[in-house]
Protein chains: 2
Amino acid sequence: MNLKELATKLGLSPTTVSRALNGYPEVNEATRERVMAAAKRHNYRPNARAIRLATGRAMAVGHVIPVATRHEIVNPIFADFIAGAGETYSRNDYDMVLSVVPDEDEEDTYRALRSKGNVDGVIVHAPKMEDRRIALLHEIGLPFVVHGRASGVTLPYPWVDVNNRRAFQRATEFLLDLGHRHIALVNGLEFMDFAMRRRAGYLDALAARGIAPDPALMASDEMTEVSGYRAATRMLALPRPPTAFLAASMISGMGIRRAVEERGLKLGRDVSVIIHDDDLSYMKNGEDVPIFTATRSSVRDAGRIAAEMLLGLIARPQDPPPTRLLEADLVIGQSTGPAPR
Amino acid sequence: MNLKELATKLGLSPTTVSRALNGYPEVNEATRERVMAAAKRHNYRPNARAIRLATGRAMAVGHVIPVATRHEIVNPIFADFIAGAGETYSRNDYDMVLSVVPDEDEEDTYRALRSKGNVDGVIVHAPKMEDRRIALLHEIGLPFVVHGRASGVTLPYPWVDVNNRRAFQRATEFLLDLGHRHIALVNGLEFMDFAMRRRAGYLDALAARGIAPDPALMASDEMTEVSGYRAATRMLALPRPPTAFLAASMISGMGIRRAVEERGLKLGRDVSVIIHDDDLSYMKNGEDVPIFTATRSSVRDAGRIAAEMLLGLIARPQDPPPTRLLEADLVIGQSTGPAPR
DNA sequence: AATCGGTTTCAAACCGCTTTGGATATGGCA
DNA sequence: TGCCATATCCAAAGCGGTTTGAAACCGATT
């Protein structure tokens, strides 16, 4: 059942039927109701492809998921971010189209999405410190929102981010207050913007107490269980091992825990660990009592917010670029305690 | 730059240009090259919306991601499955459109995707034992491939699945061979088809050795760290605690490990654990030596295979429904050993 | 009765491609 | 030379909606 057929069946022109269904004022209320009823009865749903061509809008937003070519790693926070964003899209009748591309093809993917008209805007994931994508999107005029920020970019652009620097600063201060002096940072890859910011927060806190950072206590790698384990194992074997760890994610935290327990040490007593908790639905940090003390910020909420921003931007492209800085909670769990001795 | 403009610039008709670009034979080779060159030079890319309307094909496949309303849990294997499938789509110039919907809206989502013509086919995720979606998709004539199977469905349908039953049977036998007699099963939700199959494999293996299953050693819940921890904690407190666990996922396995170590027991010596490892990119089961002994099957490969199947089905709808049963490897890691005493 | 403003409806153009059904040109062959 | 098959190109008609510009209708006004 298409528009023309429905119109014929009603003895009306397609024009009128279209207008009736789309709430235009220039149609008699009685007619509108008749049309609505018929549409429902015949289960008519306008063809999305036709609407898209006619209106010139894609009614879709793109998420380009870069897959690191070397490690083929998909960012684990991605599923929850998508879940948050997806809610917003459904509510607004937008489609979400995902492009999973090797990271070196990313630029071309944006260009293609733009010129082929597949989407009205995109979400930029996992920004690096120097991120060329932002300039590119500006240049080709495709509305976008960045999940995170790119320090190296000067021109204004829309973003949603967690205050990573503050979060890690507070976490470090918390450990310092507990008497820890050898605090390790098991960070994500430091060309990623969020990782650099966390590092800055950590260094700030140390500096404020006059503590010189120890390069041997700073690791940077993909946020996997194994790399957390490896970093912790190495550091715990040092002559002056750390008494506390800051971990980039729940998953690295678990690797650290494995290393700690493997040495016969006890978490929260011998060694303290604070993680950053993205509040992933499938990876909850405990329930009533958190497993790990953590800086927590829901990535799902971030997805929701980013999507809303983007739809707003698509509707009103002239608006100044919105930004939103989310503060992380510091939640106390079972993995921290006073420094031993 | 659109087709008409390009054609004018070349002094040709849109027809010829279109044909030249799409490799139709009825165009002079010299002309074709001229067109190709001009297209490249002007960076012409045909408008996807127009192609879709003209051809009547969506050039897109849908993934409907049901979000459990109660727990709001997104399946963690989802990201890697998508990554695998996405590769295939990109290569074939298909878009991947994701609908994240509360699971009670799922049926309507399929109906809408179909009648609005957003997609040419869908992947069905996380089938339950009795799954109405399969009959529905048959009825509305939307090509699909199921990731997993639905035991309750009699008519043939296309699927890709891991041999979950065999995997868990083998894992159980392996533990039995090591002398374990009290083997616990920390399963996923048992209305999910895969969970039921795993349970069947576990029970088969026990039965074959004449061991009566102990209901106290069988848990079924979402596959989270916490629920693994809770189940293991409870079971380890039993008068005759299990000496071995089968876990539904890497994540539940980590919860079990936490419970085990919290009791001062050592994994692989006091308690053995075998997990099912989906080979998630961000959750690798160790590297050279696996952390956990595991039944392993790459969900990313499954995504790749499912996507290929679906594209095949879209191209040749009359083909009999393809199916593919993947066998899981049993890989030996550090989490298993002979039964104590 | 003619005119008028407002309401309601419609025919047709358009979005940017594909595809059908010729038309034209070319060359080989009788 | 005339005819036909083949190669090459094109005009126009879709695809299924939206949107523009105009027509029809209405009761009210003059």
Side-chain angles (χ1 to χ4, degrees), chain A residues 1-36 38-39 42-60 93-95 112-120 315, chain B residues 1-36 38-39 42-60 93-95 112-120 315:
Chain A
M1 171 72 47
N2 62 24
L3 184 67
K4 202 195 292 188
E5 290 164 13
L6 184 62
T8 315
K9 208 167 288 256
L10 281 162
L12 289 170
S13 75
T15 309
T16 303
V17 176
S18 169
R19 284 182 167 154
L21 294 173
N22 292 310
Y24 282 73
E26 60 268 66
V27 33
N28 189 307
E29 267 318 308
T31 311
R32 187 193 305 282
E33 272 160 35
R34 207 158 60 86
V35 172
M36 294 289 223
H42 295 93
N43 196 24
Y44 166 73
R45 311 217 204 183
N47 183 298
R49 297 192 292 260
I51 292 181
R52 287 170 176 168
L53 181 57
T55 60
R57 303 185 308 163
M59 295 305 288
D93 263 305
Y94 268 72
D95 274 357
L113 285 177
R114 167 67 180 169
S115 49
K116 302 201 296 180
N118 300 45
V119 302
D120 297 319
Chain B
M1 170 71 47
N2 62 23
L3 183 65
K4 202 196 292 185
E5 289 165 12
L6 184 61
T8 314
K9 208 166 289 254
L10 281 162
L12 289 170
S13 75
T15 310
T16 303
V17 176
S18 169
R19 285 180 166 154
L21 294 174
N22 292 310
Y24 282 74
E26 60 269 66
V27 31
N28 188 306
E29 268 317 309
T31 310
R32 186 192 307 281
E33 271 161 34
R34 207 158 61 88
V35 171
M36 294 289 224
H42 294 93
N43 197 24
Y44 167 73
R45 312 218 203 179
N47 183 298
R49 299 191 291 261
I51 293 180
R52 286 168 178 171
L53 181 56
T55 60
R57 304 185 306 163
M59 295 305 287
D93 262 307
Y94 268 73
D95 274 357
L113 285 176
R114 166 70 180 166
S115 50
K116 303 201 296 179
N118 299 41
V119 302
D120 297 319

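The basis for the numbers below is simple: all heavy atoms, side chains too, and nothing from hydrogens, waters or symmetry mates. Below, chain A is the first sequence line, B the second, and so on; all start at residue 1.
Salt-bridge annotation for A:Asp93 and B:Lys116: present, with a side-chain N of the basic residue lying under 4.0 Å from a carboxylate O of the acidic one.
In this structure the side chain of B:Arg32 never reaches within 4.5 angstrom of the side chain of B:Asn28, judged on heavy atoms. Taking the side chain as every heavy atom from C-beta outward, B:Arg52 and A:Asn118 approach each other to under 4.5 Å. Contact annotation: the side chain of B:Asn47 never approaches that of B:Asn2 to less than 4.5 Å [non-hydrogen atoms, C-beta and beyond]. A:Met59 has its side chain out of reach of A:Asp95: every pair of non-hydrogen atoms, C-beta onward, lies at least 4.5 Å apart. Counting only heavy atoms from C-beta outward, the side chains of A:Lys9 and A:Met1 approach each other to under 4.5 Å. Proximity of B:Asn43 to A:Ser115: side-chain heavy atoms (C-beta onward) are nowhere separated by under 4.5 Å.
Proximity of A:Tyr44 to the phosphate of D:dG17: a side-chain N or O atom is located under 4.0 Å from OP1 or OP2. Between A:Asn22 and D:dT18 there is a side-chain polar atom (N or O) within less than 4.0 angstrom of OP1 or OP2. Taking only side-chain nitrogens and oxygens, B:Tyr24 comes nearer than 4.0 Å to OP1 or OP2 of C:dT19. Residue A:Ser18 places at least one side-chain N or O closer than 4.0 Å to OP1 or OP2 of D:dT18.
A straight line from CG of A:Leu3 to P of D:dT19 spans 12 Å, rounded to a whole angstrom. In this entry the distance linking CZ of A:Arg49 with C1' of D:dC15 reads 9 Å, nearest Å. Separating the NZ atom of B:Lys9 from the C1' atom of C:dG16 is a distance of 17 Å, rounded to the nearest angstrom. At whole-Å resolution of the value, CG in B:Asn47 and C1' in C:dT18 are 13 Å apart. The NZ atom of A:Lys116 sits 14 Å away from the C1' atom of C:dC17 (whole-angstrom rounding). For A:Arg52 and D:dG16, the CZ to P distance is 15 Å, given to the nearest whole Å. Rounded to an integer number of Å, the gap from CG of A:Leu10 to C1' of C:dC10 is 15 Å.
Pairing analysis of DNA chain C (Watson-Crick: purine N1 to pyrimidine N3 plus N6-O4 or O6-N4; G-U wobble: N1-O2 and O6-N3; both under 3.5 Å) yields stems of 3 or more pairs at C:1-30 with D:1-30.
Open room surrounds CZ on B:Arg57; 12 or fewer heavy atoms of other groups in view lie less than 6.0 Å from it.
Counting any heavy atom pair closer than 4.0 Å across all strands shown, B:Thr55 reaches sugar-phosphate atoms only and no base atom. Among the protein residues, A:Leu53 comes within range of the nucleic acid bases, having at least one heavy atom under 4.0 Å from a base atom.
For the pairing with A:Val35, the side chain to side chain contact (heavy atoms under 4.5 Å, CB included) check across A:Val27, A:Thr16, A:Leu21 returns one residue only, A:Leu21.
A donor-acceptor contact under 3.5 angstrom links the side-chain atoms of B:Thr15 to the base of C:dT19.
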Just the atom pairs and distances: protein N or O near nucleotides 5-9 of chain C's N or O, under 3.5 Å.
{"from": "C:dT9", "atom 1": "OP1", "to": "A:Thr31", "atom 2": "OG1", "distance (Å)": "2.7"}
{"from": "C:dT9", "atom 1": "OP2", "to": "A:Asn28", "atom 2": "N", "distance (Å)": "3.2"}
{"from": "C:dT9", "atom 1": "OP2", "to": "A:Thr31", "atom 2": "OG1", "distance (Å)": "3.4"}

